[in-house]
Amino acid sequence: MIPEHISTILNLKSDFPILNQTHQTGNPLTYLDSAASSQMPTIVIEAVNDYHRRYHANVHRGIHQLSELATEGYELARKKVKGFINAKSKREIIFTKGTTEGINLVAQSWGRANLKEGDVVLLSQMEHHSNIIPYQMLAQEKGFTVRFIPITATGEIDLVVYQQLLADNPVKLVGVTHCSNVLGTINPITEMARLAHEYGAIIVVDGAQSTPHMPVDMQALDVDFFAFSGHKMCAPTGVGVLYGKQALLEAMPPFLGGGSMINEVTWDGFTPAELPAKFEAGTPNIAQAIGLGYAIDYLQAIGIENIHQHVQTVTTYALDQLRQVPSIQIYGDSPSRGGVIAFTLGNIHAHDLSQALDFEGIAVRSGHHCAQPLHRLLGVSATTRASFYLYTTSDDIDRLVQALNKTVQFFKG
Ligand code: PMP
């Protein structure tokens with residue numbers, strides 16, 4: 001059991017209607033796939049419903065009551081995001097569809113304007129495809145080089161080689177994840193940003209796995225761009241955020257063209273709108289953004305530090321228990337880690353394993369987790385990943401461990 005002296009364990013399942021149901025097997029539903037998408041508390045579900053029932057209308061356009069209420073709700077959500085990540089201005093908060101869109105925006109706008117043949121984009125070996133492919137796509141066209149910072153045996157970024165790569169190459173952009181969705185490693189972003197800036201590069205951070213779990217402070221991190229997704233932090237799918245330093249965003253060309261992002265349009269051309277509208281072409285995901293604002297209220301009411309502590313405690317407990325399962329191999333051994341654990345179990349295929357766990361009512365994820373190059377480096381084609389959040393309890397972990405032991409026995413026999 002979790003040691004009694006640890007008082008940071010939260011008990012929040014009753015806030016999440018989806019978690020209070022029985023799996024079709026008759027077992028309790030054990031949801032260990034929050035790194036893919038977290039669940040939504042009642043307060044968020046109701047806020048989204050309330051918008052649809054009471055003030056659904058397009059934002060920023062109509063001078064009528066519903067449109068004004070919708071605009072107020074949407075802009076209030078932006079203000080909440082600004083506070084949550086400690087940005088300097090609401091203009092630095094661009095609503096997107098999610099992390100993937102945020103990084104593509106940086107690549108297509110900043111990258112297209114600033115990267116050329118001879119330049120280097122430096123990524124890490126633990127990146128999600130969404131932090132690799134946008135640069136590979138642009139590199140094919142522009143002729144710059146994409147290089148990768150190696151990781152150590154414990155699954156941490158090799159900071160010595162990072163500095164060497166910065167010193168030896170004309171690096172214009174460093175792209176790195178704050179927290180790996182496979183290894184769990186939390187990367188030293190403040191230090192990496194300082195080094196990137198020292199060598200004249202900008203730094204773009206994938207915050208998909210960190211923002212839901214720990215304080216992310218744009219002033220303390222001093223990063224240039226930071227992208228994250230609502231659906232991993234108790235909000236609906238379809239909304240995410242790209243933070244960018246105002247001076248950079250102001251100098252960048254628009255990414256998508258269309259309604260809302262212009263000042264003036266003539267037959268001959270257009271002038272772009274001010275920030276953040278310049279980067280929000282078309283009708284945004286209004287309900288989802290409002291939901292994100294309420295999710296932030298919820299996370300802040302519990303305290304993001306408390307959530308971090310809770311997930312740390314649950315993860316430590318899970319690591320201790322999982323290490324006792326015969327033939328398990330856990331990937332990633334950084335002392336600084338978030339709430340994901342990827343593993344293999346003997347030669348049981350990861351997909352068979354998640355199927356076996358689903359028979360016990362346990363939801364995990366199997367595959368390459370959109371990190372194929374990393375899996376190739378680890379020497380496996382697929383892993384099974386259990387991931388935790390503020391509603392995960394020690395009972396959930398116990399059920400996972402029990403089911404894994406049962407599966408080992410089954411495949412033995
Ligand atoms: N980066 C990381 C580290 C992720 O875990 C994910 C989600 N799997 C993404 C980026 C992409 O997020 P989204 O699908 O919400 O754009």
Side-chain angles (χ1 to χ4, degrees), residues 31-40 81 94-108 123-137 148-149 151 155-157 174-187 189 192 203-214 216 223 225-243 255-256 284-285 288-289 291-292 295 311 315 331-332 334 336-342 354 363-375 378 382-389:
Y31 189 75
L32 298 176
D33 195 21
S34 292
S37 272
S38 60
Q39 299 299 346
M40 282 181 281
V81 172
I94 315 292
F95 281 124
T96 62
K97 184 157 74 72
T99 308
T100 306
E101 187 181 308
I103 297 169
N104 274 276
L105 192 163
V106 174
Q108 288 299 323
L123 310 174
S124 90
Q125 286 182 333
M126 68 173 81
E127 297 312 310
H128 187 280
H129 295 164
S130 65
N131 205 20
I132 300 176
I133 297 166
Y135 300 111
Q136 289 179 333
M137 283 165 60
F148 292 87
I149 316 160
I151 56 171
E156 294 166 278
I157 285 178
V174 173
V176 67
T177 189
H178 198 174
C179 174
S180 162
N181 66 319
V182 176
L183 306 166
T185 314
I186 298 171
N187 290 315
I189 297 299
M192 291 187 75
I203 184 164
V204 184
V205 175
D206 171 349
Q209 296 294 346
S210 61
T211 314
H213 290 269
M214 56 195 274
V216 293
V223 295
F225 295 99
F226 189 96
F228 57 97
S229 304
H231 67 97
K232 295 181 198 288
M233 50 187 289
C234 295
T237 53
V239 67
V241 171
L242 175 70
Y243 158 85
F255 168 44
L256 299 173
N285 288 330
Q288 290 81 349
L292 175 59
V311 174
T315 308
Y331 297 90
S334 168
S336 169
R337 67 179 299 153
V340 305
I341 303 179
S354 44
V364 293
R365 183 150 293 243
S366 283
H368 50 64
H369 315 295
C370 297
Q372 267 184 5
L374 172 62
H375 275 75
L378 298 172
T383 54
T384 299
R385 181 184 72 186
S387 55
F388 319 127
Y389 204 13

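Atoms within a ligand are numbered from 1 in the order they appear, just like the ligands themselves.
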Strictly under 4.0 Å, does any heavy atom of His231 approach an atom of ligand 1? yes
In terms of atom number and element, which parts of ligand 1 are under 4.0 angstrom from non-hydrogen atoms of Asn181? 3 (C), 5 (O)
I want to know if ligand 1 touches Thr100 in the polar sense, i.e. an N/O pair below 3.5 angstrom. yes
For atom 7 (C) of ligand 1, which protein heavy atom lies nearest, and how many Å away is it? Lys232 NZ, 2.5 Å
Looking only at heavy atoms, which two atoms of Met126 and Leu374 are closest? And how far apart? CA-CD2, 4.1 Å
Looking only at protein heavy atoms, which one is nearest to atom 4 (C) of ligand 1, and how far off is it? His128 CD2, 3.4 Å
Using distance alone, with no hydrogens and no angle criterion, decide if Thr383 and His375 have a side-chain donor and acceptor under 3.5 Å apart. yes
Does Ser130 have a non-hydrogen atom less than 4.0 Å from ligand 1? yes
Under a heavy-atom criterion of less than 4.0 Å, does Glu127 contact ligand 1? no
Would you please say whether a donor-acceptor pair under 3.5 Å links the side chains of Ser34 and Ser387? no
What verdict does the side-chain contact (heavy atoms from CB on, under 4.5 Å) test give for Leu183 and Leu378, after you've listed the backbone C-alpha separation in whole Å, the side-chain angles of each residue and the deciding distance to 0.1 Å? CA-CA 10 Å; Leu183 306 166; Leu378 298 172; 4.3 Å; yes
Got a second to check how far His231's NE2 is from Lys97's NZ, nearest 0.5 Å? 9.0 Å
Here the gap from Asn104 atom CG to Ser130 atom OG, rounded to the nearest 0.5 Å, amounts to 8.0 Å
Can you list the atoms of ligand 1 that are under 4.0 Å from a heavy atom of Gln209? 3 (C), 4 (C), 5 (O)
Which residue and atom name correspond to the protein heavy atom nearest atom 3 (C) of ligand 1, and how close is it? Asp206 OD2, 3.4 Å
Evaluate the side-chain proximity of Val223 to His178: yes if any heavy-atom separation is below 4.5 Å, no if none is. no
